[in-house]
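These notes are about the structure you will find just below.
The first residue in the sequence is number 1, and the count goes up from there.
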Amino acid sequence: MTKNIHLYHTNSPPAHMVISTTQEKSDDFVVLYASQTGNAEWIAKNILQEAKERGHNGEVYVLNDFEKVSLPDLRTIIFVTSNTGDGDPPDNSSKFWKHLRRNKQKDLFARARFTILGLGDTNYSNFNNTAKKLERKVKELGGTVFYEKGLADDAQGLEAVVDPWISNLWPKLADVCVQHTKPPTTAEPTVTLVADQLKSLSVAAKPDPDLPEALAKYLDLPNFLVDHRSDTEKAAALAATTPRAAKHKQPVESAPVDRYSRKNRRNEIPPEVEKYLDLPNSLVTRNKDAASAAALPTGHRIHVDTTALHAAKELTALPRVPGVVCRLVHVSNAPAPAPSTSVPSFVQAPSPIVYTTIRKARCLTTPDAVKRTLLIELEVPRGEEVLFEPGDAFGVLAPNEEGIVRAVVRRLGMSEKEAGEFVYRVEAEMEGVELPSHLQRAKAVTVLDLLRYGVDLTTPPRKAMLRILAEYTSDAEEKKLLLFLCSKQGTAQFIFLRDQSPTLLDILTTFPTCHPPFQRLLDTLPAHQPRSYSVVNSPLAHPNSLHFAFNVLRYTTAAPFNVQRQGVATPWLDRVAGFPSARGITQTRAKEVELGAKVKVPITIRHNAHAFVLPLDTTKPLILIGPGTGVAPFIGFLQHREHQRRIRMSLGGVTAFPDRDARDGFGDVYLFYGCRERNKDWLFREEMEAFVESGVVKVLEVVASREVATGEEVEGRKKEKYVQDAIRRRGAEVWGLVQGKGGDTKGMARDVHDALTDIVCEHGGQTREEATKMLTGWMERRRYLRDLTAQA
């Protein structure tokens with residue numbers, strides 16, 4: 001009888017339905033969303049807000065809160081869902097999907113008319129799988145599509161699909177849902193209109209709030225020598241008199257800043273004075289805050305080609321200005337928070353936060369390797385029970401980089417005291433407006449808390465963020481450029497902007513006359529997310545610790561940008577682990593750094609909800625494919641299988657050959673691993689070779705992509721460059737395992753997936769279409785599983 005094989009690898013027609021005009025419209029609608037990183041939540045809540053402005057009544061709920069509404073009674077539903085991993089549903093929809101699987105009511109959505117907006121990424125083969133699966137399921141349960149689904153692609157920029165989909169939603173929604181009031185009509189702004197409005201901005205004198213009232217009345221005297229205007233007002237006045245041609249430069253240039261102004265002399269010493277600071281017995285001293293501020297990052301100006309802006313007569317398809325959601329209220333009687341390395345209590349995690357300690361750390365690569373890869377061992381504190389199995393992952397709650405946090409505080413014009421000592425609570429601006437989920441528990445926080453752990457400062461901005469920033473920019477050309485980046489005419493430059501991976505600090509540096517209130521940033525900045533890592537060890541071998549491996553993310557953006565960037569969690573982990581020394585060229589194992597209980601790392605366990613685990617039947621063969629750090633979870637698999645074999649051997653048997661019986665109780669394991677150069681970045685080499693020697697792994701194929709010369713041969717055959725080449729060479733064996741003995745395949749990127757397709761075609765006699773359907777069937781039956789995640 002044929003067994004199931006487990007393959008492991010890491011890294012319906014369109015519904016063009018017309019609603020009957022005789023069908024009664026619903027009085028209201030519901031937006032149901034599932035969001036992993038906050039994008040789907042933000043879009044869902046903005047759909048609701050704009051719909052209300054257009055006269056509709058509605059509510060919004062996360063999918064896991066489906067019990068707050070009666071699903072059979074819903075008449076009009078808008079679903080907004082993202083994906084996680086390789087097309088899997090977000091965590092906050094797990095209860096909803098479990099409910100659908102157990103549901104016995106075949107007409108659950110019989111009264112509902114619905115539409116779906118999916119957020120996916122074509123870098124993954126199961127593009128927008130959750131949205132497609134949700135549409136099929138709701139239709140099976142009686143739902144009727146009232147508006148064709150939208151499938152947005154993050155690889156090309158979500159806005160390219162999201163914005164027009166939402167714009168075209170409104171007439172469709174009006175066909176099925178009552179508009180209780182007529183929406184206001186607003187003229188679309190044009191370049192000329194925007195420029196005219198900005199040139200008329202008032203730069204009239206305003207009293208300096210730091211000056212005594214008795215002096216304020218003297219500020220407007222003719223030829224008065226004190227210029228009391230703020231830097232923003234001076235920049236706006238200067239912009240109004242600057243020739244137009246002088247402003248079209250790349251990158252965007254800053255307006256001149258007066259170093260001698262009252263405000264800037266608090267933070268910066270003019271160069272003419274700087275040289276006197278270090279003289280013996282000098283009475284001029286350096287301000288400590290200014291000295292620390294000088295060491296902060298300044299941000300990188302973004303490159304923008306304004307050719308299309310100059311050619312445009314108007315800017316169209318501008319997004320609406322997002323409504324005000326958040327309000328920051330000072331808690332006057334709250335004590336200043338004590339310094340702490342703990343995660344603030346307002347941060348919501350998918351499971352309880354556990355404070356582990358780094359016990360050991362070592363670098364797995366040589367100094368000249370392309371990537372720096374670390375292996376860290378975390379010790380779980382006594383009294384904490386952390387249950388896990390190979391294939392599980394956990395999230396590390398690392399703070400945003402402190403330099404960027406402090407630089408943003410400075411750029412927003414806040415003092416250290418205001419940002420770090422004053423306590424605030426985040427409230428909804430108006431009744432009926434719901435705060436973003438990641439801010440709902442922010443009842444006693446500092447601005448530094450919010451910037452470190454609350455919001456994402458490094459993800460490229462949404463168009464809505466740029467639209468808000470334009471509202472708080474005083475220079476006419478800067479404002480026009482922000483609006484251009486939001487518009488249809490600026491689509492190519494918006495994508496160009498995203499390619500530069502700008503941080504919030506970079507955006508604010510590029511537009512120096514932009515001074516948004518901190519509350520408005522909270523309205524649109526996405527939530528700061530835990531970074532997910534696969535468990536490398538088995539609980540049978542190390543029950544009280546978690547091991548994980550990762551590449552430290554540091555890179556330089558492509559020319560012409562050439563800007564140094566880094567991730568959030570991996571550089572932080574490298575630093576708190578003491579920057580372990582790289583492995584020597586002649587070493588197979590670097591020296592471990594033992595840190596004891598000095599450094600705490602907050603984590604949250606994420607149990608595997610997608611069956612990326614070892615099969616319970618140990619006789620099933622395994623095909624494990626993991627290039628680079630993608631092999632990490634398989635080290636845990638193999639460590640677990642090794643200890644299972646030891647346990648089985650220790651129990652003995654009832655036949656004359658108990659050792660043979662124990663060995664026969666485990667299926668063959670084929671491990672395909674890819675690196676660049678064996679002597680530089682073959683990760684876990686000692687462990688892999690030991691698994692082969694002990695018999696846990698039957699076949700180990702290691703392919704080094706940068707060791708291959710043109711026409712180079714090994715053992716009478718052409719040397720392979722990638723893991724998929726080795727898989728194709730062993731195609732007959734792979735097919736024999738899959739078809740004859742069963743097995744599991746997990747962790748496969750697109751090229752490896754294509755190699756499997758080729759094997760099914762060549763050795764299974766299938767057409768490419770039939771092979772694709774077969775692999776899809778394996779995925780649906782959890783015989784072919786993939787663990788595709790990104791590190792930062």
Identify, with sequence neighbours excluded, every residue that meets ring-ring contact (aromatic ring centres under 6.0 Å, His included) alongside [X].
| X | result |
| --- | --- |
| His640 | none |
| Phe548 | Phe394, Tyr533, Phe550 |
| Phe579 | none |
| His300 | none |

By side-chain contact (heavy atoms from CB on, under 4.5 Å) - contacts of [X] (at least two apart):
| X | answer |
| --- | --- |
| Asn39 | Thr37, Leu119, Leu158, Arg462 |
| Phe346 | Pro344, Arg441, Ala442, Val445, Asp449, Leu450 |
| Ser501 | Tyr555, Arg565 |
| Pro461 | Met465, Leu466, Leu497, Pro502, Ile507 |

(request) Quick one: do Gln36 and Asp91 satisfy side chain to side chain donor-acceptor pair (under 3.5 Å)? Show the steps, please. (result) CA-CA 7 Å; Gln36 192 69 28; Asp91 295 341; 3.1 Å; yes
(message) Looking at Arg730 and Glu733, is any side-chain nitrogen of the basic one under 4.0 Å from a carboxylate oxygen of the acidic one?
(response)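 So Glu733 pairs with Arg730 through a salt bridge.
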(message) Regarding Asp368 and Lys680, does a basic nitrogen lie under 4.0 Å from an acidic carboxylate oxygen?
(response) yes
(request) Only pairs at least two apart or in different chains count here, so list each salt bridge (Lys or Arg N to Asp or Glu O under 4.0 Å) that has a residue in residues 570-581. (result)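 For residues 570-581: Arg372-Asp574, Arg554-Asp574.
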(request) Using the test side chain to side chain donor-acceptor pair (under 3.5 Å), find all partners of Arg406 that sit at least two apart in sequence or belong to another chain. (result)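 Counting only residues at least two positions away or on another chain, Arg406 forms a side chain to side chain donor-acceptor pair (under 3.5 Å) with Glu402, Glu416.
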(request) Applying side chain to side chain donor-acceptor pair (under 3.5 Å), name anything that partners Thr356, two or more places apart in sequence or on another chain. (result) none
(request) Name all residues meeting the salt bridge (Lys or Arg N to Asp or Glu O under 4.0 Å) criterion together with Glu686; count only those two or more places apart in sequence or in a different chain, and write none if there are none. (result) Arg589
(request) Could you tell me whether a side-chain N or O of Asn126 sits under 3.5 Å from a main-chain N or O of Asn129, the two making a donor and an acceptor? (result)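 Such a contact is absent between Asn126 side chain and Asn129 backbone.
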